[in-house]
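Scope of the values below: all heavy atoms of this structure, side chains included, with no hydrogens, waters or symmetry mates.
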Amino acid sequence: MNIERKQTNQRMSRTVIHNNTIYLCGQVCSDATKGITEQTQTMLDKVDILLAEANSDKYHLLSATMYISDMTYFKEMNAVWDSWVPQGHAPARACVQAAMARPELLVEVSIVAAVKNNK
């Protein structure tokens, strides 16, 4: 059994790869002073980078769990999400309202994806 962990510290790994499946830890925005639209976009930009580093991309998403601080942001968050996910490649997804690690964070996502091909 081969498990590859990237950017690992005592608490977690940012990426774990096992059996051609990629697990990303929860991703949040780059700037928590911004609104939901920018927080969602910069969060997804981070996902793009981590997936590329793991030999994958948003065309290979398997599942996503979205955490949103308040459902009043749901429509705006979905507008960014819908433009980011390639048509016909939507993953299984759940979205829940949750208390965030810091009050200024509005959205977080946890992603599971498939590796594009064997290295």
K.L.:
Indicate yes or no: at least one non-hydrogen side-chain atom of Gln97 is less than 4.5 angstrom from one of Met66.
P.N.:
no
K.L.:
Could you list the residues that satisfy side chain to side chain donor-acceptor pair (under 3.5 Å) with Gln41, not counting sequence neighbours?
P.N.:
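For Gln41 the side chain to side chain donor-acceptor pair (under 3.5 Å) partners, ignoring immediate neighbours, are Asp45.
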K.L.:
Test: salt bridge (charged side-chain N to carboxylate O under 4.0 Å, His left out). Region: residues 10-36. Which pairs qualify, not counting sequence neighbours?
P.N.:
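Residue pairs passing salt bridge (charged side-chain N to carboxylate O under 4.0 Å, His left out), neighbours aside: none found.
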K.L.:
State, with a plain yes or no, whether a side-chain heavy atom of Val115 is found less than 4.5 Å away from one of Thr21.
P.N.:
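A side-chain contact under 4.5 Å is absent here.
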K.L.:
Rounded to the nearest 0.5 Å, what's the gap from CD on Glu38 to CG on Leu106? Could you check?
P.N.:
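Answer rounded to 0.5 Å: 11.0 Å.
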K.L.:
Report the C-alpha distance between Val107 and Ile36 in whole Å, list the side-chain angles of each, state the deciding distance to 0.1 Å, and finish with yes or no for side-chain contact (heavy atoms from CB on, under 4.5 Å).
P.N.:
CA-CA 7 Å; Val107 63; Ile36 187 66; 3.8 Å; yes
K.L.:
May I ask you to list the residues sharing a hydrophobic cluster with Tyr67, side-chain cutoff 4.5 Å, ordered by chain and number?
P.N.:
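So far as hydrophobic clustering goes, Tyr67 is joined with Val28, Val96, Met100, Leu105.
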K.L.:
Nearest 0.5 angstrom please: Thr15 OG1 to Leu51 CG, how far?
P.N.:
8.0 Å
K.L.:
Identify, with sequence neighbours excluded, every residue that meets side-chain contact (heavy atoms from CB on, under 4.5 Å) alongside Ile49.
P.N.:
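Ile49: side-chain contact (heavy atoms from CB on, under 4.5 Å) contacts with Glu53.
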K.L.:
Which residues pass the ring-ring contact (aromatic ring centres under 6.0 Å, His included) test with His89, sequence neighbours left out?
P.N.:
Tyr59
K.L.:
To the closest 0.5 Å, what do you measure between CD1 (Ile111) and SG (Cys25)?
P.N.:
11.0 Å
K.L.:
Give me each pair satisfying salt bridge (charged side-chain N to carboxylate O under 4.0 Å, His left out) with a member in residues 80-94, each pair once, sequence neighbours excluded.
P.N.:
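Listed once each, the pairs would be none.
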K.L.:
Of the non-hydrogen atoms in Gln7 and Leu50, which two are nearest, and what is the gap between them?
P.N.:
NE2-CD2, 4.0 Å
K.L.:
According to the ring-ring contact (aromatic ring centres under 6.0 Å, His included) rule, which pairs have a member within residues 9-46, sequence neighbours left out?
P.N.:
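Residue pairs passing ring-ring contact (aromatic ring centres under 6.0 Å, His included), neighbours aside: none found.
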K.L.:
Does the side chain of Lys75 reach to within under 4.5 Å of the side chain of Asn78, using non-hydrogen atoms?
P.N.:
no
K.L.:
Answer yes if Val16 and Met12 sit in the same cluster of Ile, Leu, Val, Met, Phe, Trp and Tyr residues linked by side chain heavy atoms under 4.5 Å apart, and no otherwise.
P.N.:
no
K.L.:
What I want to check is whether the side chains of Thr72 and Asp70 have a donor and an acceptor closer together than 3.5 Å.
P.N.:
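Yes, Asp70 and Thr72 have a side-chain donor paired with an acceptor closer than 3.5 Å.
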K.L.:
So do the side chains of Cys95 and Met71 get within less than 4.5 Å of each other, counting heavy atoms only?
P.N.:
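They are in side-chain contact.
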K.L.:
Is there any salt bridge (charged side-chain N to carboxylate O under 4.0 Å, His left out) pair reaching into residues 102-113, and which pairs are they, with sequence neighbours excluded?
P.N.:
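Every pair satisfying salt bridge (charged side-chain N to carboxylate O under 4.0 Å, His left out) with a residue in residues 102-113: Arg102-Glu104.
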K.L.:
Suppose we screen for side-chain contact (heavy atoms from CB on, under 4.5 Å). Which residues come up paired with Val85, at least two apart in sequence or across chains?
P.N.:
Trp81, Ala90, Pro91
K.L.:
Does Gln27 use its side chain to pair, donor to acceptor, with the backbone of Val109 at less than 3.5 Å?
P.N.:
no
K.L.:
Do Tyr73 and Thr40 come within less than 4.5 Å of each other through their side chains, counting heavy atoms only?
P.N.:
no
K.L.:
Does the side chain of Asp48 come within less than 4.5 Å of Lys58's, by heavy atoms?
P.N.:
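Counting from C-beta outward, Lys58 and Asp48 do come under 4.5 Å.
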K.L.:
Ser13: which residues meet the side chain to side chain donor-acceptor pair (under 3.5 Å) condition with it, sequence neighbours left out?
P.N.:
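Thr8.
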K.L.:
Is any side-chain heavy atom of Lys6 closer than 4.5 Å to a side-chain heavy atom of Ile17?
P.N.:
yes
K.L.:
Is the shortest heavy-atom distance from the side chain of Val112 to the side chain of Ile22 under 4.5 Å?
P.N.:
no
K.L.:
List the residues meeting salt bridge (Lys or Arg N to Asp or Glu O under 4.0 Å) with Asp57, not counting sequence neighbours, and say none if there are none.
P.N.:
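Here the qualifying residues are Lys116.
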K.L.:
Once ring-ring contact (aromatic ring centres under 6.0 Å, His included) is applied, do any residues pair with Phe74, and if so which ones, sequence neighbours excluded?
P.N.:
none
